[in-house]
Amino acid sequence: MRILGLVSFVQLLLGIAGLRKALREGRVADVPFIEKRPKTQIEQRHWSDGTALSAPTPMLIAQGIATLVLLVTPRPPVFFARLLGVLGAIMTIGYPAEKVWRDSLVEPDKQLTPLTLGGFLLALKMAILGWSVGRGRT
């Protein structure tokens, strides 16, 4: 579970960096079939909608708590690993839904691509590790 905690920690750092960048640049969530919010609402909406470069802030907080538990508790409850698995799965779907994610792969950018591609790959690893804890070996 420590590996999951470390993967989640690095992914969380990318999420926080993405949140900071999105707030600075006014990058609101831009997902197909959902009305794009005005940039002036990003300060309020990052709590519920997230941003173009981060999950909603409550998800980041939950990820931070679960990560901390996995890293500092000698025998952490499986619940926290599964929570990170769920959050990772949600983010694995969320990253490709964002226009900025697709754009950063088509035209790589040295600031955006590490945030988007790195965040996506680490979220995918979180999902896999989180759901595999306690399964397989007996």
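Just so you know, these numbers come straight off a predicted model, no measurement behind them.
Considering only heavy atoms from C-beta on, Leu112 comes within 4.5 Å of Leu53 through its side chain. Put simply, the side chain of Pro58 reaches to within 4.5 Å of the side chain of Trp47, judged on heavy atoms.
With hydrophobic clusters built from ILVMFWY side chains whose heavy atoms lie under 4.5 angstrom apart, Phe120 shares a cluster with Trp131. One hydrophobic cluster holds both Met91 and Val133 under the rule that ILVMFWY side chains link at heavy-atom gaps under 4.5 Å. Residues Phe79 and Leu129 fall within the same hydrophobic cluster, defined by Ile, Leu, Val, Met, Phe, Trp and Tyr side chains chained together at heavy-atom separations under 4.5 Å. By the criterion of side-chain heavy atoms lying less than 4.5 angstrom apart, applied directly or through intervening Ile, Leu, Val, Met, Phe, Trp or Tyr residues, Ile3 is grouped together with Val69 in one hydrophobic cluster. Hydrophobic clustering (ILVMFWY, side-chain heavy atoms < 4.5 Å, transitive): Ile128 and Val86 are in distinct clusters.
Under the salt bridge (Lys or Arg N to Asp or Glu O under 4.0 Å) criterion, no residue pair touches residues 51-66, with sequence neighbours excluded. Residue pairs meeting the salt bridge (Lys or Arg N to Asp or Glu O under 4.0 Å) criterion with at least one member in residues 105-118: none, sequence neighbours excluded. Contacts classified as side-chain hydrogen bond (donor to acceptor under 3.5 Å, both in side chains) and involving residues 67-87 (residues at least two apart or in different chains) are given here: Ser8-Thr67.
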Under 3.5 Å donor-acceptor pairs involving side-chain atoms of residues 95-102, not counting sequence neighbours:
from	atom 1	to	atom 2	distance (Å)
Tyr95	OH	Gln11	NE2	3.1
Glu98	OE1	Asp30	N	2.8
Lys99	NZ	Asp103	OD2	2.7
Trp101	NE1	Thr116	O	3.3
Arg102	NH1	Pro96	O	2.9
Arg102	NH1	Ala97	O	2.8
Arg102	NH1	Glu98	O	3.4

Identify every side-chain donor-acceptor pair in residues 12-27 under 3.5 Å, counting partners at least two apart or on other chains, and give the distances.
from	atom 1	to	atom 2	distance (Å)
Lys21	NZ	Glu25	OE2	2.6
Lys21	NZ	Gln111	OE1	3.0
Glu25	OE1	Arg27	NE	2.7

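Not a single donor-acceptor pair under 3.5 Å links the side chain of Thr51 to the backbone N or O of His46.
Note: Ile61 CD1 to Thr57 OG1 = 6.5 Å, rounded to the nearest 0.5 Å.
Nearest heavy atoms, Leu60 versus Ser54: CD1-CB, 4.4 Å. Among all heavy-atom pairs drawn from Leu4 and Gly130, the shortest one is CD2-CA, 3.8 Å. Contact detail for Leu6 and Leu71: the closest heavy-atom pair is N-CD2, 3.8 Å.
Take Val10 and apply the side chain to side chain contact (heavy atoms under 4.5 Å, CB included) test, not counting sequence neighbours, and it matches Leu122.
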Subject >> Test log, rule side-chain contact (heavy atoms from CB on, under 4.5 Å), inputs Arg2 and Leu70 >> reply: CA-CA 6 Å; Arg2 296 254 185 259; Leu70 288 187; 5.6 Å; no

